[in-house]
Asks: 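Got a structure here, written out as structure tokens. Questions coming.
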2 protein chains.
Amino acid sequence: MNVREFKNKIYSELASITKALANPHRLEIIELLAQGPSSVEYIVDNTNLTVANASQHLQTLKSARLVRSERRGKYSYYSLASPKVFEVWETMRELGFSQNAEIGKLMKEFRESRHNLESMTSSQLLERMQQGKALLLDVRPREEYESGHIASAISIPSDELFEKLKELPKDKEIVAYCRGPLCAMAYDAVELLNKHGFKAVRLETGFPEWEVKGLPVEQ
Amino acid sequence: MNVREFKNKIYSELASITKALANPHRLEIIELLAQGPSSVEYIVDNTNLTVANASQHLQTLKSARLVRSERRGKYSYYSLASPKVFEVWETMRELGFSQNAEIGKLMKEFRESRHNLESMTSSQLLERMQQGKALLLDVRPREEYESGHIASAISIPSDELFEKLKELPKDKEIVAYCRGPLCAMAYDAVELLNKHGFKAVRLETGFPEWEVKGLPVEQ
DNA sequence: GTAATGATCAATTAATCTATTGAATGTTAG
DNA sequence: CTAACATTCAATAGATTAATTGATCATTAC
């Protein structure tokens, strides 16, 4: 095979995969699916999409082999075709964070609107957990917790947190995490907890970032 | 700031970076720039693009902050804005290799058309080099060698190799490398060397992959 | 200064992508 | 069997992207 012809074909194939990623809604879907398999309905509830539009974007991702689907009864469950898909998204996101001034500005504004700048790294958390000094709190929706969470984390979904405050200890440090750096749930949880006299901080990383690093998870 | 609004903005920004990558020619340009800074003319000579079209794609990459340019005299030299850009491309390429059957088929056909299946990994090379058993040969164009190469490699560009065969030793193993897994130059060099009685193998990895791993390089 | 060279710009057309709409399919509950 | 529900499909119009062409700009060589 001619070299030029080979290159044209291979770069086209690779670009077609990249194109499947090159849409804001599809990126958001990828990040949601990194939390675990989801039905179309669940995706619609967690994004700003109509059912038909979400389904269409899912078809696009599927034909690029970035996601797969499995029908169970009335529902189609979509999931990432491979952890590598999340890795690509993570690498891309990091590139955006480091190169794009507008993204930096948006993140800063967002953090500040949450009055909450303190956070903890994965390795700090591992250390604290070993010493039994911290309580790890998963504030994502129950479904996501159930399809995988950081080892020893307990689940109190964001929207149930207020009514369950009394179940939490005041003497232990509470570390809250959610879907990742673009997710607001842990920010809001920490804000609520601090307001009620708990000692809470946000974990810098979300579940998929933790999992892809090979750190301990449970199901 | 409203969470939905924040997400819409941030995913749009991230998608705009991804879009800048989502084109076969721009991927090829990224891979070329990973070898070192290049003028527009050099890019045109090494791809299948017209000057105006290459320049246009470079503007696209530039406004997404994936590349930068620097004018020196008549020439504009473009380079990757950060090693992270190459990392994103590498991660994406690996995803393609693992997920896309068509890419697997193309690679296999290509390797077979080169009658050359033997190759050496980076760690095997490091070991051989330490024992002084191997000669490392950079077969990329001189410019690329000069803007950075694997430590202790010598330069014989692909198109000068035939006339310089007599300068090479017959008793030592020759390890040839080029731009990376999609580049034909090392395949062709190994084929030529073997045909003339040398003991040659291809390094699996190209210069940018070696460099990004933090392995020893020279300039 | 003028020509040559390297690169960019602007305008155009064709191709592709996206959201919307409404209809169609498949599955379950009653 | 029928209604309700979850999802997909198909058609459309508007927006975006890409290659081409020819013109323009910037720098150097003569």
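Letters go in sequence order (proteins before strands), and every chain restarts at 1.
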Asks: So does B:Arg179 have more than 12 non-hydrogen atoms from other groups sitting under 6.0 Å from CZ?
Replies: yes

Asks: Separation of B:Asn48 atom CG from D:dA19 atom P, in whole Å?
Replies: 11 Å

Asks: Is any side-chain N of the basic residue among B:Lys108 and B:Glu102 closer than 4.0 Å to the acidic one's carboxylate O?
Replies: no

Asks: With 3.5 Å as the limit, what N/O pairs link the protein to nucleotides 20-29 of chain C?
Replies:
| from | atom 1 | to | atom 2 | distance (Å) |
| --- | --- | --- | --- | --- |
| C:dT20 | O4 | A:Gln56 | OE1 | 3.0 |

Asks: Send over the distance from A:Leu49 CG to D:dT8 P, rounded to a whole Å.
Replies: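 Value for this atom pair: 13 Å.
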
Asks: Using the ring of each side chain (for Trp, its six-membered ring), is A:Phe6 parallel, tilted or perpendicular to B:Phe110, with breaks at 30° and 60°?
Replies: parallel

Asks: Under 4.0 Å, heavy atom to any atom of DNA chain C: which of residues 15-44 of chain B qualify?
Replies: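 Within residues 15-44 of chain B, the residues near DNA chain C are B:Ser39, B:Val40, B:Glu41.
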
Asks: To the nearest Å, how far apart are B:Glu70 CD and C:dG6 C1'?
Replies: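 Rounded to whole Å, this separation is 16 Å.
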
Asks: Would you mind classifying the nucleic acid contact of A:Tyr77 as base, sugar-phosphate or nothing, using non-hydrogen atoms under 4.0 angstrom?
Replies: nothing

Asks: Pick base, sugar-phosphate or nothing for A:Ser76, based on heavy-atom distances below 4.0 Å to the nucleic acid.
Replies: sugar-phosphate

Asks: Just to verify, which of B:Arg114, B:Lys195, B:Arg202 counts as forming a salt bridge (Lys or Arg N to Asp or Glu O under 4.0 Å) with B:Asp188?
Replies: B:Arg114

Asks: Round to the nearest Å and state the distance from B:Asp45 atom CG to C:dG6 atom C1'.
Replies: 12 Å

Asks: Which atom names give the shortest non-hydrogen contact between B:Lys19 and A:Ala22, and what distance separates them?
Replies: CE-O, 3.2 Å

Asks: Indicate the atoms forming the closest heavy-atom contact of B:Ala153 with B:Tyr145, along with that distance.
Replies: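 Closest pair (atom of B:Ala153, atom of B:Tyr145, distance): O-OH, 2.8 Å.
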
Asks: Between A:Ile29 and A:Leu61, what is the shortest heavy-atom contact and its length?
Replies: CG2-CD1, 3.9 Å

Asks: Identify all stems in which DNA chain D takes part, counting only runs of at least 3 consecutive pairs (Watson-Crick or G-U wobble, each distance under 3.5 Å), and give each as one range with another, ordered by first number.
Replies: C:1-30 with D:1-30

Asks: Where is the tightest heavy-atom contact between B:Ala81 and A:Gln99, given as atom of each residue plus distance?
Replies: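 Smallest interatomic distance, heavy atoms only, reads CB-NE2, 3.3 Å.
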
Asks: To the nearest Å, how far apart are B:Leu58 CG and C:dA7 C1'?
Replies: 10 Å

Asks: Going by an N to O cut-off under 4.0 Å, is there a salt bridge joining A:Lys9 and A:Glu5?
Replies: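 Looking at A:Lys9 and A:Glu5, the cut-off is met.
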
Asks: Relative to the 5' end of DNA chain C, which residue comes earlier, B:Val51 or A:Thr60, by the nucleotide with the nearest heavy atom?
Replies: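 Its nucleotide being nearer the 5' end, the pick is B:Val51.
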
Asks: Looking at A:Gln219, A:Glu144, A:Arg140, which hits side chain to side chain contact (heavy atoms under 4.5 Å, CB included) with A:His149?
Replies: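 Looking at A:Gln219, A:Glu144, A:Arg140, the match for A:His149 under the side chain to side chain contact (heavy atoms under 4.5 Å, CB included) is A:Arg140.
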
Asks: Testing the basics here: between B:Asn53 and B:Leu49, what is the closest heavy-atom pair and its distance to 0.1 Å?
Replies: ND2-CD2, 3.8 Å

